[in-house]
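Data block below; observations after.
Naming: A, B, ... by sequence-line order, numbering from 1 per chain. For clarity, every value in this text was computed on a predicted model and none was experimentally measured.
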Protein chains: 2
Amino acid sequence: MRSDAQALKGHLDVLLLATLEDGPRHGYAVKEALREGSGGRFDLPTGTVYPALHRLADAGLIAGTWSVTDGRRRRSYRLTAAGKRKLAGERANWREFAAAVTTLLEGVPWPATS
Amino acid sequence: MRSDAQALKGHLDVLLLATLEDGPRHGYAVKEALREGSGGRFDLPTGTVYPALHRLADAGLIAGTWSVTDGRRRRSYRLTAAGKRKLAGERANWREFAAAVTTLLEGVPWPATS
DNA sequence: AGCAACATGTAGCTATCCTACCTATCCAGC
DNA sequence: GCTGGATAGGTAGGATAGCTACATGTTGCT
């Protein structure tokens, strides 16, 4: 198994929320946005994406509405107000987390974000 | 539960290996190095640190030797050759992972490492 | 004597990501 | 007309690994 197979643990939610920031997307489109936006690195199986979206919906962070386009049923998700707050918090959290890890690994402070 | 309780999943090993890069340390010292080097963010419970060190030792990435100092028994770990190679690979892997996540979150490419 | 810091460890829980599988539509190629 | 791939949604079960809670013992301060 790839050593980083579980590397997303704890960081998937913020990525999913971020893909919905610039407008609603359905599940498959979220999966594609993640794959393309990461240069193919995050090519997640549907068994990861759909349950995670359900989890976020249950938590009230995203809201889904069914629709039918070209005979294909889709569930479009959009960020809720709580989801937007969560995204902002998790984004800040990622920056701090990444800064801490990078400092420990490189022995130098993180490149300033300013 | 803290939202980032599982955030280390998949990234702990590289941090542990990195703390041993500048010389041998015993388990408790590794734990302290992680806590201090991260500004208190990674204050890991012993139930995380010791099993992880055992895992790395079983994998041949670090080697431990017992000693006694001031009546306290200590197990000092040092990086093996395989551990050094692993650290280099995982360090590169972290940079790529962090770059991919940051790109997705910030909408801009990662600061060049070159 | 009591308590914090030092030092090491294990058993069991839990979160969550992955594997493997299923259904169904649309369209291009044969 | 049929097959296969891309699109679109989903679930069940397994595996990994960090966390909680607990156990043991020493040193040193009050």
Q | Among C/dC18, D/dA8, D/dG18, the nucleotide that comes nearest once only the side chain of A/Leu44 is considered | A | C/dC18
Q) So which one's nearest nucleotide on DNA chain C is more toward 5', A/Arg73 or A/Asp13? A) A/Asp13
Q.
Within the structure provided, determine whether B/Leu44 and B/Arg35 are in side-chain contact (heavy-atom separation under 4.5 Å).
A. no
Q. Tell me: CG of A/Leu8 to P of C/dT19, nearest whole Å?
A. 12 Å
(Q) Nearest 0.5 angstrom please: B/Leu16 CG to B/Arg55 CZ, how far? (A) 8.0 Å
In a table with atom names and distances, give each donor-acceptor pair under 3.5 Å that connects a side chain of residues 61-77 of chain A to protein atoms at least two apart or in another chain.
| unit_1 | atom_1 | unit_2 | atom_2 | d |
| --- | --- | --- | --- | --- |
| A/Arg75 | NE | A/Tyr77 | OH | 3.1 |

Q: For the pair B/His11 and B/Phe97, name the ring-plane relationship: parallel under 30°, tilted 30 to 60°, perpendicular over 60°.
A: tilted
Q) Rounded to the nearest Å, what distance is computed from the CG atom of residue A/Asp70 to the C1' atom of nucleotide D/dG9? A) 16 Å
Q: Round to the nearest Å and state the distance from A/Leu34 atom CG to C/dC17 atom P.
A: 12 Å
Q. Any side-chain heavy atom of A/Asp43 sitting closer than 4.5 Å to one from A/Lys31?
A. yes
**Q.** Nearest-angstrom distance from the residue atom NE2 of A/His26 to P of D/dA8
**A.** 4 Å
Q. Roughly, in whole Å, what's the span from NE2 in B/His11 to C1' in C/dC17?
A. 13 Å
Q: Provide, to the nearest angstrom, the distance between the CG atom belonging to A/Leu16 and the C1' atom belonging to C/dC17.
A: 12 Å
Q: Can you sort out which residues in residues 45-54 of chain B have a heavy atom within less than 4.0 Å of DNA chain C? Ascending by number, please.
A: B/Thr46, B/Gly47, B/Tyr50, B/Pro51, B/His54
Q | Flag, side chain of B/Thr19 to backbone of B/Ala33, donor-acceptor distance under 3.5 Å | A | no
Q: Kindly say if B/Arg75 contacts the phosphate of C/dG9, meaning a side-chain N or O under 4.0 Å from OP1 or OP2.
A: yes
Q: To the nearest Å, give me how far apart OH (A/Tyr28) and P (C/dT25) are.
A: 17 Å
(Q) Taking donor-acceptor contacts at under 3.5 Å, does the side chain of A/Arg72 reach the base of D/dT7? (A) yes
Q. Is there side-chain contact between B/Phe42 and B/Leu12, with at least one heavy-atom pair below 4.5 Å?
A. no
Q: Please report, rounded to the nearest Å, how far the P atom of C/dT16 is from the CG atom of B/Leu12.
A: 18 Å
